[in-house]
Amino acid sequence: MRFPTACPSCTALSHAKIDIEQHSFPEPAMHRYRSHTCGELRDTHAGETVRLSGWVNRVRDHGGLLFIDLRDHYGLTQIVADPDSPAFKTAETLRAEWCVRIDGVVKKRTPETVNANIPTGGVEVFAQEIEVLGAAKELPLPVFGEPDYPEDTRLKYRFLDLRRETLHANIVKRTRIIASMRRRMTEIGFSEYTTPILTASSPEGARDFLVPSRIHPGKFYALPQAPQQFKQLLMVAGFDRYFQIAPCFRDEDPRADRLPGEFYQLDLEMSFVTQEDVWDTMEPVIRGVFEEFADGKPVTQRFPRIPYDTAIRTYGSDKPDLRNPIEMQAVTGHFAGSGFKVFARMIEADPKAEIWAIPAKTGGSRAFCDRMNAWAQSQGQPGLGYIFWRAENGALEGAGPLAKNIGEDRTEAIRTQLGLAEGDAVFFVAGDPAKFYRFAGEARNRVGSELGLVDKDRFALCWIVDFPFYEWSEEEKKLDFAHNPFSMPQGGLEALENEDPLTIKAFQYDAVCNGYEIASGSIRNQKPETMVKAFELVGLSQADVEERFGGMYRAFQYGAPPHGGMAAGIDRVVMLLCGAENLREITLFPMNQQAQDLLMGAPSDPTPKQLRELHIRLNPPQ
RNA sequence: GGGGGUGUAGCUCAGUUGGUUAGAGUAUCGGCCUGUCACGCCGAGGGUCGCGGGUUCGAGCCCCGUCACUCCCGCCA
């Protein structure tokens, strides 16, 4: 007899064998609930009397014979009851998702009744006794078969939803991914430190969640948007290598790849490092986690390090999907002074104007080009100019209105520059790149997916580096931090004092996978005078810095080490590795898009007593 | 804050130009069935067509408003 004991490596109980034959003790009594799990029995168990507990996955009632699929965390076992069984009467009453305990005898199945689809399919348990541990009312949400169900029903009955095979497996995978991250970080010398949840509002960009203080009337704590300042303080305090599976709270509207309210980051910080050190340290961790959970799909071995400016020009995005082989190129010169007046005039009138080409191998048909053009118009664009190449009387010919306008030589020059051939096409986007690059990136994605050029079965990772330090805020008509105020400008104080702020880069970088930003980090600005100057350029004074950064600015006055780090979005990594398209498919108890928890009923009304203690009077809108 | 989509049985959906008693599958309940593993067969119950108003002899369908869910934009260093 053995008792369930979790195997530390795979969460299955089945490896934990305690062979009582080696002991001289009398056989212990049957465990109250189970002798084996539902994923454990094999034909080597034939003849044994076993006890299983689990949920009724499905009943197949043949009148004189009935089958019950009993399910637990570990698997599925077929239970058989026939009229000779003392448990038959009870068995007939069982319904889906009842929680039951079943005693019975393991029997090897005859060859024609073996179910090769499940690991326990070689055996079945003939029921002798059934105890109902928890009956179920009529289900608001079926578990077996996982039919599509409305999101709100799934969230309200999340405990049933979580019994479903796919979601259950996703959550287990998530847990194993996080355990792997912890192990890998610990192995390379990082230590996990927990940081406060109730803290002060910080100068990061998102809206804070506030928690009223009872002891200090009118004052509020904030939930951390990230443990950013704490981890930097840990570096000042000499802890050298920090990491944390950190909960982060931001009161912003959600997206399919952005949970409302709270999410998790693999947060880390290192002292005495350059940005290359951070990449070299974390690339093996990220690659290792992906390879461990990618189910054999190839993972980028050496992450390309792509400067931000190059990424924008080549892919139209700072989070490019590198599974898509399309690389854009500027072809402005081929249109300058050409017969295609729309582009030629644009280039003449505006020195910033450029023409970007999106090469589309195998896209060389009028039908496809027209379809792309129609799509562009549906996106509010004037259209999408194109050339495609076909064989005409044995000769290669550039076709389409643009080719006619600019003539054979220019058409051929464009084809040569882009390396295109018969059956290929190219699309053009024109204007000020700062304004159109985003659309160009969308067009690149669309061409790639429509032509099937994107290899979906791989994980393409890269670093995007050298982000701009500042950007121009059109609304406020002033400089603003492009990414965050914690990062060090490349060139330091000298650059801030002498260079055009909009040309200054930051020691700031992202990790990107398949078009998703999965991590972001920087070398931090730990020099007080550089910080003050950096803030001065966005119109904030030293007093503002002291107020916003509080303790961290103070800490930097007392021997702050150079340091840097990053934070990886765990939810997104898990989503990618589970092949899910929605964060709710990899999260235990997510909120809906209105940031409500339909199971627990959050947010909820406070009692008058609670409000009195917090010195709060409500002032609802309207 | 703005835009798109969806809303008909517990669920997934059909429902013709606006016209008789709103249908199917599935789930539930009852009956039959000894080798199923999406078991099968027969039957029954189950509807405020999201809600409110309007047009019309007549509205699931047309119009106005509103609510819910979802996707996107803004936002998210």
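Note on naming: letters A, B, ... go to the chains in the order of the sequence lines (proteins, then strands), and numbering restarts at 1 for each one.
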J.: Using the ring of each side chain (for Trp, its six-membered ring), is Phe481(A) parallel, tilted or perpendicular to Tyr470(A), with breaks at 30° and 60°?
T.: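 Plane angle under 30°, so parallel.
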J.: For rU12(B) and rA27(B), measure between their C1' atoms and round to the nearest Å.
T.: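 So the two C1' atoms sit 11 Å from each other.
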J.: Report the base-pairing partner of rU28(B) (Watson-Crick or G-U wobble, both distances below 3.5 angstrom), or none.
T.: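 Checking every strand shown, rU28(B) finds its partner in rA44(B), with both distances under 3.5 Å.
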J.: Mind checking the C1' distance from rU36(B) to rG23(B)? Whole angstroms is fine.
T.: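 Their C1' atoms lie roughly 32 Å apart.
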J.: Gln596(A) side chain N/O closer than 4.0 Å to the phosphate oxygens (OP1, OP2) of rA68(B)?
T.: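 Answer no for this pair, as no side-chain N or O of Gln596(A) is under 4.0 Å from OP1 or OP2.
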J.: If I compare all heavy atoms of Ala519(A) with all of Ala568(A), which pair ends up nearest, and what's the gap?
T.: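 Shortest heavy-atom contact: CB-CA, 3.7 Å.
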J.: Give a yes or no on whether a salt bridge exists between Glu129(A) and Arg101(A), defined as a side-chain N under 4.0 angstrom from a carboxylate O.
T.: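 So Glu129(A) pairs with Arg101(A) through a salt bridge.
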J.: Just checking, any donor-acceptor pair under 3.5 angstrom between side chains of Asn592(A) and Glu151(A)?
T.: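 Per modelled atom types, Asn592(A) and Glu151(A) side chains form no pair under 3.5 Å.
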J.: Which residue lies toward the 5' end of RNA chain B, Leu598(A) or Arg438(A), if each is placed at its nearest nucleotide?
T.: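 Whichever sits nearer the 5' end wins; that is Leu598(A).
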J.: If you only use heavy atoms from C-beta on, which nucleotide in rG35(B), rC76(B), rC37(B) is closest to the side chain of Asp69(A)?
T.: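 Between rG35(B), rC76(B), rC37(B), the one nearest the side chain of Asp69(A) would be rC37(B).
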J.: Do Lys231(A) and Tyr242(A) form a cation-pi contact, if we require the NZ or CZ to be under 6.0 Å from the six-membered ring centre and within 45 degrees of the ring's axis?
T.: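 Judged by the rule, Lys231(A) and Tyr242(A) form no cation-pi pair.
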J.: Rounded to whole angstrom, note down the C1' distance from rU6(B) over to rA14(B).
T.: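 So the two C1' atoms sit 16 Å from each other.
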J.: rG18(B) and rA59(B): how far apart are their C1' atoms, nearest whole angstrom?
T.: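 Their C1' atoms lie roughly 6 Å apart.
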J.: As a test of reading the structure: which of rC33(B), rG74(B), rA68(B) is closest to the side chain of Asp152(A), going by heavy atoms?
T.: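 For Asp152(A), the side-chain atoms sit closest to rA68(B).
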J.: Do Arg154(A) and rC69(B) share a donor-acceptor pair, side chain to base, under 3.5 Å?
T.: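 A donor-acceptor contact between them is absent.
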J.: Tell me yes or no: between the side chains of Tyr308(A) and Asp510(A), is some donor less than 3.5 Å from an acceptor?
T.: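 No, no side-chain donor-acceptor contact under 3.5 Å.
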J.: So which nucleotide from rU70(B), rU36(B), rC76(B) ends up closest to the side chain of Gln594(A)?
T.: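 Out of rU70(B), rU36(B), rC76(B), the nucleotide with an atom closest to Gln594(A)'s side chain is rU70(B).
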J.: When the C1' atoms of rA9(B) and rG25(B) are considered, how many whole Å apart are they?
T.: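 Between the two C1' atoms, the distance is 12 Å.
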J.: Choosing from rG35(B), rC69(B), rC73(B), which nucleotide comes nearest the side chain of Thr113(A)?
T.: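 Output: rG35(B).
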J.: Can you identify which nucleotide, out of rC33(B), rU34(B), rG30(B), has its nearest atom closest to the Arg95(A) side chain?
T.: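 From the listed options, rG30(B) comes nearest.
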J.: When we call it a touch if two heavy atoms are under 4.0 Å apart, what does Asn592(A) touch: a base, just sugar-phosphate, or nothing?
T.: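 Asn592(A): backbone/sugar contact only, no base atoms under 4.0 Å.
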J.: Considering only atom C1', compute the distance from rC62(B) to rU55(B) and round it to an integer number of Å.
T.: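 Between the two C1' atoms, the distance is 8 Å.
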J.: Both distances below 3.5 Å, Watson-Crick or wobble geometry, any strand: find the nucleotide opposite rA68(B).
T.: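 Its partner is rU6(B) (Watson-Crick or G-U wobble, both distances under 3.5 Å).
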J.: From the options rC11(B), rU36(B), rC69(B), select the nucleotide whose nearest atom is closest to the side chain of Pro150(A).
T.: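 The nucleotide sitting nearest to the side chain is rC11(B).
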J.: If the C1' atom of rG47(B) is compared with that of rU21(B), how far apart are they to the nearest Å?
T.: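 Rounded to whole Å, the distance is 13 Å.
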J.: For Phe126(A), answer base if it contacts any base atom (sugar-phosphate contacts may also be present), sugar-phosphate if it contacts only those atoms, and nothing otherwise; contact means non-hydrogen atoms under 4.0 Å.
T.: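 Touches a base.
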J.: For Tyr157(A) and rG10(B), what is the distance between atoms OH and C1' respectively, to the nearest whole Å?
T.: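 In whole Å, rG10(B) C1' and Tyr157(A) OH are 10 Å from each other.
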J.: For the P atoms, the ones on rC13(B) and on rA22(B), what distance do you get once it is rounded to whole angstrom?
T.: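 Here rC13(B) and rA22(B) have their P atoms 23 Å from each other.
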J.: Mapping Thr153(A) and Gly63(A) onto RNA chain B by nearest heavy atom, which one lands closer to the 5' end?
T.: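 The residue mapped nearer the 5' terminus is Thr153(A).
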J.: Could you tell me if Ser85(A) and Asp82(A) have a donor-acceptor pair between their side chains, going purely by distance under 3.5 Å?
T.: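 On atom types as modelled, these side chains do not qualify, holding no pair under 3.5 Å.
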J.: Give the nucleotide from the list rU36(B), rU70(B), rG74(B) with an atom nearest to the side chain of Arg255(A).
T.: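 Among rU36(B), rU70(B), rG74(B), the one nearest the side chain of Arg255(A) is rG74(B).
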J.: Does rA22(B) have a Watson-Crick or wobble partner in any strand here, with both distances under 3.5 angstrom, and which is it?
T.: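 rA22(B) is paired with nothing.
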J.: For the side chain of Arg258(A), starting at C-beta, report the closest nucleotide among rC76(B), rU36(B), rU34(B).
T.: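 Nearest to the side chain of Arg258(A) among the choices is rC76(B).
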J.: Could you tell me whether the side chain of Glu252(A) has a donor or acceptor atom within less than 3.5 Å of a complementary atom in the base of rG74(B)?
T.: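 By the distance-only test, no, there is no pair.
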J.: What's the closest nucleotide to the side chain of Asn582(A) if the choices are rC71(B), rG1(B), rC76(B)?
T.: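 Between rC71(B), rG1(B), rC76(B), the one nearest the side chain of Asn582(A) would be rC71(B).
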J.: Among rU34(B), rG74(B), rC71(B), which is the nearest nucleotide to the side chain of Arg584(A)?
T.: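 So the nucleotide nearest the side chain must be rC71(B).
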J.: Describe the nucleic acid contact of Asp82(A) in one word from base, sugar-phosphate, nothing, applying a heavy-atom distance below 4.0 Å.
T.: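 Answer is nothing: Asp82(A) stays at 4.0 Å or more from every strand.
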